[in-house]
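Take a look at the structure set out below.
Scope of the values below: all heavy atoms of this structure, side chains included, with no hydrogens, waters or symmetry mates. FYI, the numbering just counts along the sequence from 1. Just so it is clear, the structure is predicted and the values come from calculations on it, not from any experiment.
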Amino acid sequence: MALCVVLLCALVGVLLGQEQISIEECCKDGQKRGNDNQDCAALPLISGSATCRIVQEQCCVTVLEDKMCTTGINMAKDQGACDSLFTNTCETKTTKKMEMIQCQMISAMVKYKLLLLVTDLTLKCRDEFLTCLCCFLGKCAHRCVGNDTCSCFKGYKLKPDGKSCEDINECLLGASNCRGGERCINTEGSFRCQREVSCGTGYELTDNNNCKDIDECETGIHNCGPEFECQNTQGSFRCLPKVKCGAGFIQDALGNCIDINECVSQTGPCHRGQVCINTVGSYTCQRNSVNCGRGYHLNEEGTRCIDIDECKGPEQVCAGHGCINLLGSYRCECEPGYNFNSISRVCEDVNECRHYPGRLCAHKCENTLGSYKCSCTTGFKLAVDGRNCDDLNECESKPCSQECANVYGSYQCYCRRGYQLSDIDGMTCEDIDECALPTGGHICSYRCHNTPGSFHCSCPTSGYTLAVNGRSCQDIDECLTGRHTCTENQSCFNVQGGFRCLSFECPSNYRRVGETTARLERSDTIRCMKSCQPTDIACVLDTTHSISHTFISLPTFREFTRPEEIVFLRTTVPAYGTYHLGSYDVKFDILEGNVENAFDIIKRIENGLYVGVVRQVKPLIGPVTTILKLSMRNLNTQGDSGQNIINVHVFVSEFWF
C-alpha cells in the first residue's frame, strides 16, 4: 500500500505541474503506440519535456496492461478459478496488504484513470479524482464521499472538524436492542448486551445472552448410583431406581426392595379373634381357636378371655358422659338433660320441649343437646329471664322510609301526603304520580307535571295564565289589558289563547251603523245597511237589506257528545202571524265557510218569534278560522221579500279550555 501511495503521489505531482494540452497530446500518442503493441520503454519522443515523456510512457503501458488484464479476466471467468477474488471491495483492498504485483496493477490503473479524467475535462471525473486524491492523502479518518467531504463508518459520527470520527454511544442514546433484564455496554463503534442477573444453579449463559438448562445426565455431572437412572429436570436432575418394587415391598435409599411387615406397619390388619402372620411381600390372618363372649377378649397369649374395659377403649362409648366399667359390660352416668338407654347403652338427649309443652317458654321452645332454648316470634325479643318475650320496638331501627308506628308485636309503615306504600315490601314510600291516575287528565286544564309527593299544573306559554286554584288555565284578554298590537284603524277581538285585529269596510251602497270601537266583545255586531241613490235602480232592486258581522271564539272540544249552540239569530217576525194578505215566514241558510260541514242552522220559536240557531255538530281540531256566511230571508205569500247577510267570524282555539 505504501508503494501505491508513492506512485500515486508522484503521478499527481507530475500531472499538476504540466499544462492540460501537452498532457493530452502526450497521452494520446502513448495510447496509440500501445494499441500498436510497440515497446513502451523505447517510444520516440514528441516533446523535450520530461513530464510529456512520463505521460507518454504511462499511457502506453496502461493500454498494454488493460489488454492483458482483460484477456486474463476472460480466461479466469471461463475456468471459474477467480470467483472469490471478484467479491473483494475497495474498502478491503485499502485495509489489507497486497502483493507487489497487485499494487503495481492498481497503480497503473489509477494513473490511467487520472489521465483520462484530466484529458476528458469533465466535472464528474474531476470530482472522482479529487475524492481518490483525498483518500490517498489521508485527509479523512474513515471515508471520502466526494466534494472534498468525509464520512464515518457505522457506529461513528463526524466530529466538528469535518475529518475525524468519534464513537456513537448507542446505550446513552437508547438506540440499542437490549431486552428486559439486560444491560447495554457501549463499545468502540458498537455495543453489547449483558445479562444483569445470573442464570442460577443448573443453568448456563448462552452466546445470545439467554439462560439454558444444563443437562446433568447428558454431561455426566450427576451423582446417581449404578442402581439408579438419571432423569434431567429444569435446573436440576432426579435419580430414579432402575428396579421397580412390587406390592408388599418398599425401596430403600440404595434401590433395594425390602419386605413390608404389614402386621407391624398397619393397625389391626386382621379382625378381632384373628392373628396376623407376616409373609414375604404380604401377610395372612389366622382365626384364634378361643371364643370370648360379649365384653371379653383374648389375652395377649391367646389362652383365656379377660374383661374389656370399654371406658378405656379407643371408642368413646359414653361420648362425653361418665363411664363405669362392669364385668363384661359398662354403664354410662349421663349429664343433666340426658337419659341412659339400657338397650342401646348410650346417653340419649331429653327433649324438654316435648316433655313440658307450653311450660318452659312463652313463645317458642327449641330443643338442644342436653338442654333447650327459648325464642320469640317476629316482633318480640327475649326477656332477661330467657323465657318470656317483650315487645320489640321495630321503629327504633327505622325500617320505614318515612313514618313508622309501633304496634304490639309488629309495626306499621305509612306515608306522607302524595306518597303511597309499596306493594312489594310494605316499607318503602313511593311517589304517587297524580298525573298518571285515571283522573289525572282532569286534574289540570292543560299540562300536569308530577313532583315528589305532589304535582303542579302549567298552561300554554302564551295567551293563558294559571288560575288561583293552581289547576285551571284562564285566558288573558289582551284587548282588555292592552297587550295587543292592533292599530288605531283596527278593532281588537279577544280569542281563547290570543287575539285578532279586525277591520271592516262596508261595501258600496251600504253605510255603517254605529262607530268603530277599539275593542270588540262577543255580543258586538257590526252592521252595514243598504243606502241607495234614488237613481241607482240596481241598488234598489238588490234584495240584500243589510250585511252584519259578529264574532265568536270556540275551544277544541275533546269530548263532543252533542251539538253545541253557538250563535242565535233573533227576528221580529211572529210565528203563525198574519200581515195584510198572508202569513210571514223566515228561512235561514249557511251560504259559505262551513268547514268540514261542522255547522248547521235550525229554526226555532222562542217567545212567539222565529229564532235561527247556529250549531256546531262535529268536532273541529284547532286552530281553525272560518267565516260562516249566513242568510236570513223574509218570506210572505207573495214570495221572497228580501234577505239579511250575517257573517259569523269563528275562531277555534287549539286548546280545550
Atom pair CG/CG of Asn278 and Asn261 - distance to nearest 0.5 Å: 4.0 Å

Cys230 and Cys224 SG atoms under 2.5 angstrom apart: no

Donor-acceptor under 3.5 Å (Arg447 side chain, His456 main chain): no

Cys pair Cys305, Cys292: SG separation below 2.5 Å: yes

Which atom of Ile443 lies closest to which atom of Glu434, heavy atoms considered: CD1-O, 3.2 Å

Side-chain heavy-atom pair Asp167, Ser190 within 4.5 angstrom cut-off: no

Backbone N/O of Arg416 and side chain of Gln402: donor-acceptor pair under 3.5 Å: yes

Backbone of Asn388 reached by a side-chain donor or acceptor of Asp385 within 3.5 Å: yes

Rounded distance [0.5 Å steps], CG in Asn223 versus SG in Cys239: 5.5 Å

Derivation and outcome, side-chain contact (heavy atoms from CB on, under 4.5 Å), residues Thr201 and Ile214: CA-CA 9 Å; Thr201 305; Ile214 299 174; over 6 Å; no

Step-by-step disulfide bond (SG atoms under 2.5 Å apart) determination, Cys140 to Cys150: CA-CA 6 Å; Cys140 297; Cys150 301; 1.7 Å; yes

Whether His321 side chain and Glu335 backbone form a donor-acceptor pair below 3.5 Å: yes

Check: Asn325 side chain, Cys311 main-chain N or O, donor-acceptor pair, under 3.5 Å: no

Heavy-atom closest pair, residues Gly409 and Asp391: N-OD1, 2.6 Å

Any donor-acceptor N/O pair, Ser422 side chain to Gly426 backbone, under 3.5 Å: no

Check: Leu421 and Gln412 side chains under 4.5 Å, non-hydrogen atoms: yes

Asp423 atom CG: more than 12 heavy-atom contacts under 6.0 Å: no

Side-chain heavy-atom pair Leu369, Tyr338 within 4.5 angstrom cut-off: yes

side-chain contact (heavy atoms from CB on, under 4.5 Å) between Tyr419 and Glu430, intermediate numbers included: CA-CA 5 Å; Tyr419 294 87; Glu430 300 173 343; 6.0 Å; no

Side chain to side chain, Leu392 and Tyr411, heavy atoms closer than 4.5 Å: no

Full working for disulfide bond (SG atoms under 2.5 Å apart) between Cys374 and Cys365: CA-CA 5 Å; Cys374 294; Cys365 179; 5.5 Å; no

Cys285 and Cys270 SG atoms less than 2.5 angstrom apart: yes

Non-hydrogen side-chain atoms of Tyr372 and His355 separated by less than 4.5 Å: no

Under 2.5 Å between SG of Cys429 and Cys400: no

Non-hydrogen side-chain atoms of Tyr296 and Leu327 separated by less than 4.5 Å: yes

More than 12 heavy atoms from other groups under 6.0 Å of NZ on Lys244: yes

Residue pair Tyr408, Phe380: steps toward the ring pair (Phe, Tyr, Trp, His ring centres under 6.0 Å) verdict: CA-CA 8 Å; Tyr408 186 73; Phe380 294 89; 4.9 Å; yes

Interatomic spacing from NZ in Lys157 to CG in Leu173 - rounded to 0.5 Å: 7.0 Å

Nearest atoms (heavy-atom pairs only) where Leu360 meets Arg387: O-NE, 2.7 Å

Closest non-hydrogen atom pair between Cys165 and Lys159, with its separation: O-CE, 4.0 Å

Check against disulfide bond (SG atoms under 2.5 Å apart), Cys347 and Cys318: CA-CA 7 Å; Cys347 290; Cys318 292; 5.7 Å; no

Reported CD1-to-CD1 distance for the pair Ile306 and Ile308, which is rounded to 0.5 angstrom: 8.5 Å

Cys152 backbone acceptor or donor facing Arg143 side chain under 3.5 Å: yes

Neighbour count >12 (heavy atoms, 6.0 Å) for atom CD1, Ile424: no

Verdict with reasoning, Lys364 to Glu366, per salt bridge (charged side-chain N to carboxylate O under 4.0 Å, His left out): CA-CA 7 Å; Lys364 294 188 294 183; Glu366 181 182 353; over 6 Å; no

Test log, rule disulfide bond (SG atoms under 2.5 Å apart), inputs Cys184 and Cys171: CA-CA 6 Å; Cys184 177; Cys171 301; 1.8 Å; yes

Atom NZ of Lys67 with >12 non-hydrogen neighbours under 6.0 angstrom: yes

Any side-chain heavy-atom pair of Asn169 and Phe191 under 4.5 Å: no

Glu218 atom CD, over 12 foreign heavy atoms within 6.0 Å: no

Under 3.5 Å: donor-acceptor pair, side chain of Asn232, backbone of Cys217: no

From Leu172 atom CG to Asn186 atom CG, the distance as rounded to the nearest 0.5 Å: 8.5 Å

Any donor-acceptor N or O pair under 3.5 Å, side chains Ser458, His449: yes

Cation over ring face, Arg345 and Tyr330, 6.0 Å, 45°: yes

SG(Cys404) to SG(Cys395) below 2.5 Å: yes

Closest non-hydrogen atom pair, Thr451 against Asp431: O-OD1, 3.2 Å

Glu394 to Pro399 - nearest heavy-atom pair and separation: O-CD, 3.1 Å

Worked check of side-chain contact (heavy atoms from CB on, under 4.5 Å) between Cys389 and His363: CA-CA 7 Å; Cys389 294; His363 282 192; 3.5 Å; yes

More than 12 heavy atoms of other groups within 6.0 Å of Glu204 CD: yes

Ionic contact status for Glu333 with Arg331, cut-off 4.0 Å: yes

Sub-4.5 Å side-chain heavy-atom contact between Thr233 and Asp213: no

SG proximity flag Cys276/Cys263, limit 2.5 angstrom: yes

Side-chain donor/acceptor of Asp349 to backbone N/O of Gly370, under 3.5 Å: yes

Nearest-0.5 Å distance that lies between atom SG in Cys144 and atom NZ in Lys163: 10.5 Å

Donor-acceptor pair, side chain of Asn367 and main chain of Cys353, under 3.5 angstrom: no

Short side-chain donor-acceptor distance under 3.5 Å, Asn339 and Glu348: no

